[in-house]
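Presented below is the structure to which this report refers.
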Amino acid sequence: METNKPRVLEAEMWPIERLRPNTWNPNVMDDKTFELTKLSMIEEGFSDPIDVDPTGLILDGEHRWKAALEMGIKEVPVFVKERYGDDAVITTIRKDRTHGEPDLVNLSEIVG
């Protein structure tokens, strides 16, 4: 078995009321970006499942969860991860950091 090859996760569909936000998420999103998140979900589909622990605690994807709630979505795709305590906090922070920031010069060239 190749150790540096990531495993492919399979999403499960869970009732949205089974999920709940954590108390440590440092990620913030302005209103315009939140509206863009909802538009993306409408036009592109729910293509990025929400990471949760087995109890439904959100590890990554709180804004997608909030958007789904606002849009009246009853079930959402989730990746269930066995992460608790410090490991759960690390997962949240790591996932927030991996979303990255756009290079504004390159972005303006693409959009322009």
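Below, each value reflects all heavy atoms present in this structure, side chains not excepted, and no hydrogens, waters or symmetry copies.
- A donor-acceptor pair is defined here as one N or O able to donate and one able to accept, closer than 3.5 Å; such a pair exists between the side chain of R20 and the backbone of T55.
- Between E35 and K38, at least one side-chain N (NZ, or NE/NH1/NH2) sits under 4.0 Å from a carboxylate O, which counts as a salt bridge.
- W65 and F79 fall into different hydrophobic clusters, where Ile, Leu, Val, Met, Phe, Trp and Tyr side chains are chained together by heavy-atom contacts under 4.5 Å.
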Evaluation steps, side-chain contact (heavy atoms from CB on, under 4.5 Å), between M71 and I42: CA-CA 9 Å; M71 293 187 292; I42 291 167; 3.8 Å; yes
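- Between R64 and V76, the closest side-chain pair of non-hydrogen atoms is not below 4.5 Å.
- M29 is not connected to M41 by any chain of hydrophobic side-chain contacts under 4.5 Å among Ile, Leu, Val, Met, Phe, Trp and Tyr, and they are in different clusters.
- With I50 as reference, I58 is the one residue of I58, V80, I16, D60 to meet the side-chain contact (heavy atoms from CB on, under 4.5 Å) rule.
- In this structure, the side chains of L9 and K81 come closer than 4.5 Å at one or more pairs of heavy atoms.
- Taking CG of L59 as the reference point, atom CG of D87 lies at 10.0 Å (rounded to 0.5 Å).
- Residue-environment remark: CD (E10) stays at or below the threshold of 12 foreign heavy atoms within 6.0 Å.
- Heavy-atom neighbours of D86 CG from other residues, nucleotides or ligands within 6.0 Å: at or below the threshold of 12.
- By the salt bridge (Lys or Arg N to Asp or Glu O under 4.0 Å) test, K66 is found to be paired with E62, residues two or more places apart in sequence or in another chain being considered.
- Between P15 and K74, every side-chain heavy-atom pair lies at or beyond the 4.5 Å cut-off.
- Residue W14 is grouped with residue I73 when hydrophobic side chains (ILVMFWY) are merged at heavy-atom distances under 4.5 angstrom, including chains of intermediate members.
- A continuous path of hydrophobic side-chain contacts links F46 to V78 [ILVMFWY only; heavy atoms under 4.5 Å].
- Residues E82 and P54 approach most closely at OE2-CG, 3.4 Å, considering heavy atoms.
- Side-chain atoms of T37 come within 3.5 Å of backbone N or O of T33 as a donor-acceptor pair.
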